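The structure appears below as structure tokens.
Small disclaimer: the values here were computed from a predicted structure and weren't measured.
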Amino acid sequence: MLKFSNPMRVLLLSFCLVAFSGCNSGQQKNVEKSSDKADSEVVAQFQKEKKDLLDKANAELSAINKKIVSCNEKIKEKGGKLTEEQNKALDEFEEQRASINQRIHQIKNVKMADWNSFKAKFESDLNEASSKIEKIQAEL
């Protein structure tokens with residue numbers, strides 16, 4: 001154990017400890033500020049990706065709805081008679097479209113950890129639905 005016989009040494013040591021601990025807290029605050037800034041940039045990018053996906057989905061669904069109107073017109077021209085295969089394809093398409101509509105409302109609530117898998121699956125299903133309605137339209 002150290003013996004401090006001189007009070008001046010004790011004061012000098014205390015002053016040094018206070019000075020060094022104060023220097024470190026300033027650096028820590030700077031690190032925290034840069035970390036908060038990086039976090040807010042990541043969150044902003046994540047929100048932008050959500051908005052972009054929502055915009056893309058709405059545009060794609062609008063195009064799909066136009067194709068549905070065209071299909072309905074073709075069906076009316078044929079007298080409303082469809083083959084069993086066409087009915088099955090339309091039923092599958094409607095199920096997929098309903099699923100996409102439901103997941104559109106979930107976009108805003110998807111967590112960052114689940115985002116990449118949600119986005120990939122959603123875009124895949126959206127493209128598949130578009131392809132299905134194009135195929136149905138071509139067969140009518």
Side-chain angles (χ1 to χ4, degrees):
M1 189 157 145
L2 296 172
K3 292 184 180 181
F4 294 104
S5 59
N6 189 348
M8 196 63 147
R9 287 185 186 171
V10 173
L11 288 174
L12 183 60
L13 181 61
S14 299
F15 177 74
C16 289
L17 287 174
V18 169
F20 288 130
S21 66
C23 291
N24 192 21
S25 68
Q27 291 173 345
Q28 187 176 4
K29 287 179 184 177
N30 288 340
V31 169
E32 287 175 4
K33 285 181 185 178
S34 65
S35 175
D36 289 344
K37 184 178 178 183
D39 288 345
S40 65
E41 288 174 2
V42 168
V43 170
Q45 178 63 30
F46 180 54
Q47 294 299 328
K48 183 183 180 316
E49 286 183 24
K50 283 182 174 183
K51 183 188 178 309
D52 290 346
L53 183 61
L54 190 59
D55 291 344
K56 178 183 177 181
N58 286 329
E60 191 70 32
L61 283 176
S62 176
I64 287 172
N65 288 336
K66 288 177 184 177
K67 291 173 187 174
I68 291 171
V69 168
S70 175
C71 286
N72 286 336
E73 289 173 359
K74 286 183 178 183
I75 291 170
K76 284 181 185 177
E77 289 173 6
K78 287 186 169 187
K81 304 233 178 184
L82 297 175
T83 65
E84 183 67 31
E85 188 175 303
Q86 289 171 327
N87 280 325
K88 183 179 176 184
L90 282 171
D91 289 343
E92 289 173 1
F93 168 76
E94 281 302 319
E95 286 176 17
Q96 190 169 26
R97 189 174 83 150
S99 172
I100 289 170
N101 282 332
Q102 182 182 23
R103 287 186 289 155
I104 280 179
H105 299 291
Q106 295 173 348
I107 289 175
K108 292 180 182 179
N109 300 325
V110 175
K111 295 178 182 174
M112 198 177 295
D114 302 330
W115 177 247
N116 289 333
S117 63
F118 177 88
K119 182 180 176 185
K121 175 78 170 128
F122 184 81
E123 287 178 331
S124 172
D125 288 349
L126 196 58
N127 291 335
E128 186 178 328
S130 183
S131 296
K132 279 184 180 180
I133 194 64
E134 286 175 3
K135 183 179 176 185
I136 292 169
Q137 188 178 21
E139 290 177 358
L140 292 177

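Atom CD of Glu49 and atom CE of Met112 lie 9.0 Å apart (nearest 0.5 Å). Here Glu128 contributes atom CD and Gln96 contributes atom CD; the two are 4.5 Å apart, rounded to the nearest 0.5 Å. Rounded to the nearest 0.5 Å, atoms CD (Gln137) and CD (Glu73) are 10.0 Å apart. For the atom pair Ser130 OG and Leu61 CG, the distance stands at 9.5 Å (nearest 0.5 Å). We find the CZ-CD1 distance between Phe93 and Ile64 to be 5.0 Å, quoted to the nearest 0.5 Å. Annotation: the span from Asp52 atom CG to Gln45 atom CD amounts to 8.0 Å, rounded to 0.5 Å.
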message: Between Gln86 and Ile75, is the side chain to side chain contact (heavy atoms under 4.5 Å, CB included) condition met? List the steps.
response: CA-CA 11 Å; Gln86 289 171 327; Ile75 291 170; over 6 Å; no
task: Under the side chain to side chain contact (heavy atoms under 4.5 Å, CB included) rule, what do Ile68 and Arg97 come out as? Steps first, then yes or no, please.
output: CA-CA 11 Å; Ile68 291 171; Arg97 189 174 83 150; 2.8 Å; yes
message: Show, in sequence, the C-alpha distance, side-chain angles and deciding distance for Gln106 and Phe122, and conclude whether the side chain to side chain contact (heavy atoms under 4.5 Å, CB included) test is met.
response: CA-CA 11 Å; Gln106 295 173 348; Phe122 184 81; over 6 Å; no
message: The test is side chain to side chain contact (heavy atoms under 4.5 Å, CB included); show your working for Lys67 and Ile136 and say whether it passes.
response: CA-CA 9 Å; Lys67 291 173 187 174; Ile136 292 169; over 6 Å; no
message: Please evaluate residues Lys88 and Glu85 with respect to the criterion salt bridge (charged side-chain N to carboxylate O under 4.0 Å, His left out), reporting the C-alpha separation (whole Å), side-chain torsions for both, the decisive distance (0.1 Å), and the verdict.
response: CA-CA 5 Å; Lys88 183 179 176 184; Glu85 188 175 303; over 6 Å; no
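At distances below 3.5 Å, at least one donor-acceptor pair connects side-chain atoms of Lys50 with backbone N or O atoms of Val110.
For Lys74, the NZ atom sits in a packed shell: over 12 heavy atoms of surrounding residues, nucleotides or ligands are nearer than 6.0 Å. For CD of Glu41, the number of neighbouring non-hydrogen atoms (other residues, nucleotides, ligands) closer than 6.0 Å is greater than 12.
Residue pairs that meet the side-chain hydrogen bond (donor to acceptor under 3.5 Å, both in side chains) test with at least one member in residues 118-127, sequence neighbours left out, are Lys56-Glu123, Arg103-Asp125, Lys121-Asp125.
In this structure the side chain of Glu60 never reaches within 4.5 angstrom of the side chain of Ile100, judged on heavy atoms.
Considering all non-hydrogen atoms of both residues, Ala57 and Leu126 come closest at CA-CD2, 3.8 Å.
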